[in-house]
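To start, the structure itself, in structure tokens.
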Amino acid sequence: MINALNCKNEGRPPVWMMRQAGRYMPEYRKLRDKHGFKTMIKTPDLVSEITLQPIKAFGMDAAILFSDILVTAEALGSEFEFIEKKGPVFLNPVHTESDFSALSTDTSAENLDYVYRGIKAVKHALTPYNIPLLGFAGAPFTVASYMIEGGTSKDLKKTKQMMLREPELFSKLISRLTEITVSYINKQQDAGINAFQIFDTWAGILDQTDFKKWIIDPIETILRHTKRADIPRIVFCKNTGSYLHHLKNLDCNALSLDWQCDIEVARNILPERMAIQGNLDPYLLYAPDELLESRVKNILKKMTGDPGYIFNLGHGIMPDMKPDKIKLVVDTIKKLA
Ligand code: CP3
């Protein structure tokens with residue numbers, strides 16, 4: 001995995017999947033019946049157990065820390081709850097200057113110590129597996145969108161309204177999140193992560209001008225202030241296809257592609273130094289085995305032999321997907337060994 005992130009892999013491509021720990025696993029649901037989601041991400045022993053569940057069940061080549069991107073919002077004082085079937089709901093969404101003033105100015109991310117303790121616990125538990133631990137953080141735009149919308153939204157209307165009508169307020173929120181994200185990633189690096197991914201799930205909703213200003217610029221700042229020679233970085237902007245000419249200049253090791261993107265076209269646009277991660281349509285996990293296997297092999301045919309390629313989905317695993325399908329995908333790739 002680390003070799004692939006450095007574009008130096010000589011073996012089969014490594015494989016992991018976004019949302020590889022979660023509700024589709026009976027082992028996860030068993031714990032979830034007993035604890036709330038936020039309790040789980042704040043309890044290092046549970047973080048460790050859940051992070052390792054997919055590794056034990058399917059043998060992915062990387063573990064991703066069990067946590068959530070919204071913890072940076074909470075660290076600034078923006079409280080949220082997870083409501084069943086609805087997702088995150090913020091108690092005091094940020095709509096006005098005075099809502100913004102109520103947020104904490106402390107961007108040290110020290111109050112996320114449960115994450116750093118979780119990382120140490122996972123690193124210890126991962127010792128026999130000899131695979132890297134990926135840390136992660138949400139990018140400022142996507143985290144801001146949850147703080148403004150108050151939860152999940154289809155079109156991010158309130159977010160875009162603030163961005164266009166009150167650019168100064170929006171800019172202050174993005175800067176505050178950029179600062180805390182830098183501290184947060186640096187503390188994750190101090191705690192022992194081996195690589196990290198920045199998630200900007202809603203980036204694809206912006207036009208080219210706003211993409212440069214609100215996606216590229218903050219991510220560039222984060223990458224600049226978190227650079228360490230031995231810790232590779234992955235950037236995932238969902239709906240990346242229209243923005244590759246911006247993304248190709250980022251100082252990250254790898255770009256994670258969604259499934260709408262043509263992976264060979266992307267390979268030609270992106271510099272050789274940039275690894276590619278992706279990009280199976282996650283809905284294929286609902287397909288019959290033969291179809292799923294053939295579409296995995298299609299991607300492998302295009303990318304095997306590329307020293308900078310990591311197999312992943314174009315987005316996360318969904319709660320009603322079948323563990324057998326995950327196993328089939330991992331096994332198909334591992335058979336290449
Ligand atoms: O990938 C992993 O396995 C690592 C852990 C992880 C989670 N969320 C666990 C989780 C990661 C990397 C995330 C990222 C995340 N969280 C993103 C960016 C990537 C993406 O998927 O778009 C976003 C936008 C969030 C915010 C978030 N967290 C939402 C919208 C929800 C609700 C979704 C739903 O389907 O209910 C969550 C909850 C969440 N995060 C769960 C898990 C396992 C489910 C919690 C539960 O058990 O109820």
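These numbers come from a predicted model, not from an experiment. Both counts, for ligands and for their atoms, begin at 1 and track the order of listing. The basis for the numbers below is simple: all heavy atoms, side chains too, and nothing from hydrogens, waters or symmetry mates.
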| Should the proximity of His315 to ligand 1, defined as any heavy atom under 4.0 Å, be assigned to the side chain, the backbone, both, or neither? | side chain
Got a list of side-chain donor-acceptor pairs under 3.5 Å for residues 40-63, not counting sequence neighbours?
residue: Lys42; atom: NZ; partner: Glu74; partner atom: OE1; Å: 2.9
residue: Thr43; atom: OG1; partner: Thr39; partner atom: O; Å: 2.6
residue: Thr51; atom: OG1; partner: Val47; partner atom: O; Å: 2.6
residue: Thr51; atom: OG1; partner: Phe66; partner atom: N; Å: 3.0
residue: Gln53; atom: OE1; partner: Tyr28; partner atom: N; Å: 3.4
residue: Gln53; atom: NE2; partner: Glu27; partner atom: O; Å: 3.2
residue: Asp61; atom: OD1; partner: Arg12; partner atom: NH2; Å: 3.1
residue: Asp61; atom: OD2; partner: Arg12; partner atom: NH1; Å: 2.8
residue: Asp61; atom: OD2; partner: Val15; partner atom: N; Å: 2.8

Hey, looking at [atom], which of [options] has the closest heavy atom?
atom                    : options                     : value
atom 36 (O) of ligand 1 : Lys85, Lys86, Gln53, Arg23  : Arg23
atom 26 (C) of ligand 1 : Asp68, Ile198, Thr152       : Asp68
atom 32 (C) of ligand 1 : Gly36, Ser145, Pro88, Ala63 : Pro88

For [atom], what is the closest protein heavy atom, and at what distance to 0.1 Å?
atom                    : answer
atom 18 (C) of ligand 1 : Thr201 OG1, 3.1 Å
atom 9 (C) of ligand 1  : Ser67 O, 3.3 Å
atom 42 (C) of ligand 1 : Phe37 CE1, 3.6 Å
atom 11 (C) of ligand 1 : Phe136 CZ, 3.6 Å
atom 17 (C) of ligand 1 : Ile69 CD1, 3.6 Å
atom 48 (O) of ligand 1 : Arg32 NH2, 3.0 Å

List ligand 1 atoms under 4.0 Å from [X], heavy atoms only on the residue side.
X     : answer
Leu65 : 4 (C), 5 (C)
Met18 : 1 (O)
Phe82 : 28 (N), 31 (C), 32 (C), 37 (C), 38 (C)
Tyr28 : 43 (C), 45 (C), 46 (C), 47 (O)
Gln20 : 1 (O), 2 (C), 3 (O)

| said: With clusters defined by side-chain heavy atoms of hydrophobic residues (ILVMFWY) lying less than 4.5 Å apart, directly or transitively, does Val89 cluster with Leu76? | reply: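 Hydrophobic grouping puts Leu76 apart from Val89.
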Residues 159-168 side chain polar contacts: donor-acceptor under 3.5 Å, at least two apart:
residue: Thr159; atom: OG1; partner: Glu149; partner atom: OE2; Å: 2.6
residue: Lys160; atom: NZ; partner: Ile205; partner atom: O; Å: 2.8

Would a line drawn from the ring center of [X] to the ring center of [Y] be shorter than 6.0 Å?
X      : Y      : value
Phe170 : Trp214 : yes
Tyr146 : Phe90  : no
Phe211 : Tyr243 : yes

Taking a cutoff of less than 4.0 Å between a non-hydrogen atom of the residue and any ligand atom, is [X] in contact with ligand 1?
X      : value
Ala21  : yes
Tyr146 : yes
Phe236 : no

| query | Out of Phe196, Phe199, Trp16, Tyr184, which residue meets the ring-ring contact (aromatic ring centres under 6.0 Å, His included) rule with Phe136? | reply | Phe199
| field | Lys325 charged N/C atom sitting above Tyr24 aromatic ring, 6.0 Å / 45° | value | no
| Quick one: CG on Leu247 to SG on Cys252, what's the gap to the nearest 0.5 Å? |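 Answer for the CG-SG pair, Leu247 versus Cys252, is 7.5 Å.
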| request: Starting at CD1 of Ile219, measure out to CG of Leu250 and round the result to the nearest 0.5 Å. | output: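 Output value for this atom pair is 6.5 Å.
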| task | With the side chain counted from C-beta on, respond yes when Leu65 and Val122 share a heavy-atom pair under 4.5 Å apart, and no when they do not. | result | yes
| query | Arg295 pairs by side-chain contact (heavy atoms from CB on, under 4.5 Å) with which of Asp281, Leu280, Leu300, Val329? | reply | Leu280
| Does Arg19 reach ligand 1 with a nitrogen or oxygen that is under 3.5 Å from one of the ligand's nitrogen or oxygen atoms? |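 In this structure, Arg19 places an N or O atom under 3.5 Å from an N or O of ligand 1.
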| said: Please check whether Trp202 reaches ligand 1 - meaning an N/O of the residue sits under 3.5 Å from an N/O of the ligand, judged on distance alone. | reply: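 Between Trp202 and ligand 1 (N or O atoms, distance only) the closest approach is not under 3.5 Å.
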